[in-house]
Undergrad: 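Have a look at this one.
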Amino acid sequence: MGDCLFCAIATGDIPSASVHEDQHTLAFMDIQPLREGHALVIPKAHAQRIEDLGPADLQALMTTTQHVIKALKATLGVEDTTVAINNGPAAGQEVPHVHIHIVPRTTADAAGPIHALFTSRPDIASEDIQALATRLRAEVMA
Ligand code: AMP
């Protein structure tokens, strides 16, 4: 897409600290890392959200993510990572091109799980959770 930062990185028009490249994906270091080793994995094809990706890009994205995690483990001794997608602007996405964040984690970083994003939880009855699961299952199977 014309004015997309990560499309420009995918084509090499904007440089990046590249870690891995294949037919479908590119992995590179985040320019403002949350922790040492913070890397991003993107599909070369433009899509804003994960649900907009085709199956080949989706599969390659996860495969590359696994490669980068293993490289972080081998290189920095990173045992644990938070693997996250801000999937659209309401979820905090700033660059509107799918990207998987891989952030090395230690218990000492005290950042907590992704559950720490939310300071309260809605009070939803278990039968309502079950009813929603039924509706979702019908939609997934459609
Ligand atoms: P998000 O908020 O999920 O859209 O995250 C966008 C990420 O892209 C942030 O962590 C930025 O630090 C990172 N970022 C922005 N520009 C660049 C760039 N030119 N090279 C590498 N990472 C970038």
Side-chain angles (χ1 to χ4, degrees), residues 1-76 78-107 109-142:
M1 200 178 78
D3 57 353
C4 172
L5 172 63
F6 285 176
C7 282
I9 287 179
T11 58
D13 291 333
I14 291 178
S16 68
S18 172
V19 171
H20 171 94
E21 181 170 11
D22 60 35
Q23 183 187 352
H24 294 285
T25 67
L26 181 73
F28 53 98
M29 305 312 290
D30 195 294
I31 205 167
Q32 290 187 299
L34 295 171
R35 285 290 179 273
E36 184 186 27
H38 182 177
L40 302 173
V41 184
I42 64 169
K44 289 183 172 177
H46 182 81
Q48 180 167 10
R49 295 178 178 81
I50 193 114
E51 63 270 31
D52 303 328
L53 289 172
D57 286 329
L58 191 59
Q59 186 174 340
L61 205 61
M62 291 313 294
T63 300
T64 299
T65 298
Q66 189 187 58
H67 288 327
V68 174
I69 290 171
K70 287 182 177 178
L72 285 166
K73 194 167 188 169
T75 306
L76 292 179
V78 166
E79 196 63 42
D80 299 326
T81 46
T82 288
V83 179
I85 300 172
N86 295 325
N87 198 37
Q93 185 186 52
E94 292 182 355
V95 179
H97 181 127
V98 176
H99 49 284
I100 298 184
H101 292 265
I102 304 171
V103 184
R105 297 296 307 274
T106 65
T107 46
D109 66 38
I114 56 170
H115 294 68
L117 289 169
F118 297 90
T119 54
S120 65
R121 295 173 190 230
D123 187 16
I124 301 176
S126 60
E127 55 267 32
D128 291 334
I129 294 173
Q130 184 59 54
L132 180 55
T134 301
R135 287 171 56 203
L136 290 171
R137 193 161 51 243
E139 188 63 32
V140 168
M141 302 303 280

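Residue indices begin at 1 and follow the sequence shown.
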Undergrad: Restricting to pairs with a member in residues 56-70, which pass side-chain hydrogen bond (donor to acceptor under 3.5 Å, both in side chains), not counting sequence neighbours?
TA: Asp22-Thr64, His24-Asp57, Thr25-Thr64
Undergrad: Can you see which heavy atom on Ile50 is nearest to which on Val98, and at what distance?
TA: N-CG2, 3.7 Å
Undergrad: Tell me if the aromatic rings of His99 and His101 count as close, with their centers under 6.0 Å from one another.
TA: yes
Undergrad: Can any side-chain N or O of Gln93 pair as donor or acceptor with the backbone N or O of Ile85 at less than 3.5 Å?
TA: no
Undergrad: Mind checking the CZ-CG spacing from Arg137 to Leu132? Nearest 0.5 Å is all I need.
TA: 10.5 Å
Undergrad: Given side chains that start at C-beta, do those of Glu21 and Ser16 come closer than 4.5 Å, heavy atoms only?
TA: no
Undergrad: Any side-chain heavy atom of His97 sitting closer than 4.5 Å to one from Cys7?
TA: yes
Undergrad: Is the number of heavy atoms from other residues, nucleotides or ligands within 6.0 Å of CD (Glu51) greater than 12?
TA: yes
Undergrad: Rounded to the nearest 0.5 Å, what's the gap from CG on Leu53 to CG on Leu58? Could you check?
TA: 6.0 Å
Undergrad: Without swapping roles, check the side chain of Thr75 against the backbone of Leu72 for a donor-acceptor pair under 3.5 Å.
TA: no
Undergrad: Between Ile14 and Phe6, is there a side-chain heavy-atom distance shorter than 4.5 Å?
TA: no
Undergrad: Please name the pair of heavy atoms, one in Val78 and one in Pro104, separated by the smallest distance, quoted to 0.1 Å.
TA: CG2-CB, 3.7 Å
Undergrad: About how many Å separate OG1 of Thr11 and CG of Leu26, when rounded to the nearest 0.5 Å?
TA: 10.0 Å
Undergrad: Check residues 109-126 and write down every donor-acceptor pair under 3.5 Å in which the side-chain atom is one partner and the other belongs to a residue at least two apart or another chain.
TA:
from	atom 1	to	atom 2	distance (Å)
Asp109	OD1	Arg105	NE	3.4
Asp109	OD1	Arg105	NH2	2.9
Asp109	OD1	Ala111	N	2.9
Asp109	OD2	Arg105	NE	2.8
Asp109	OD2	Thr106	N	3.0

Undergrad: Give the minimum heavy-atom separation between Thr81 and Ile102, together with the two atoms involved.
TA: CG2-CG2, 3.9 Å
Undergrad: Within the structure provided, determine whether Gln32 and His38 are in side-chain contact (heavy-atom separation under 4.5 Å).
TA: no
Undergrad: Does one side chain, of Gln48 or Asn87, offer a donor that lies under 3.5 Å from an acceptor on the other?
TA: no
Undergrad: Looking only at heavy atoms, which two atoms of Leu76 and Gly37 are closest? And how far apart?
TA: CD1-CA, 4.0 Å
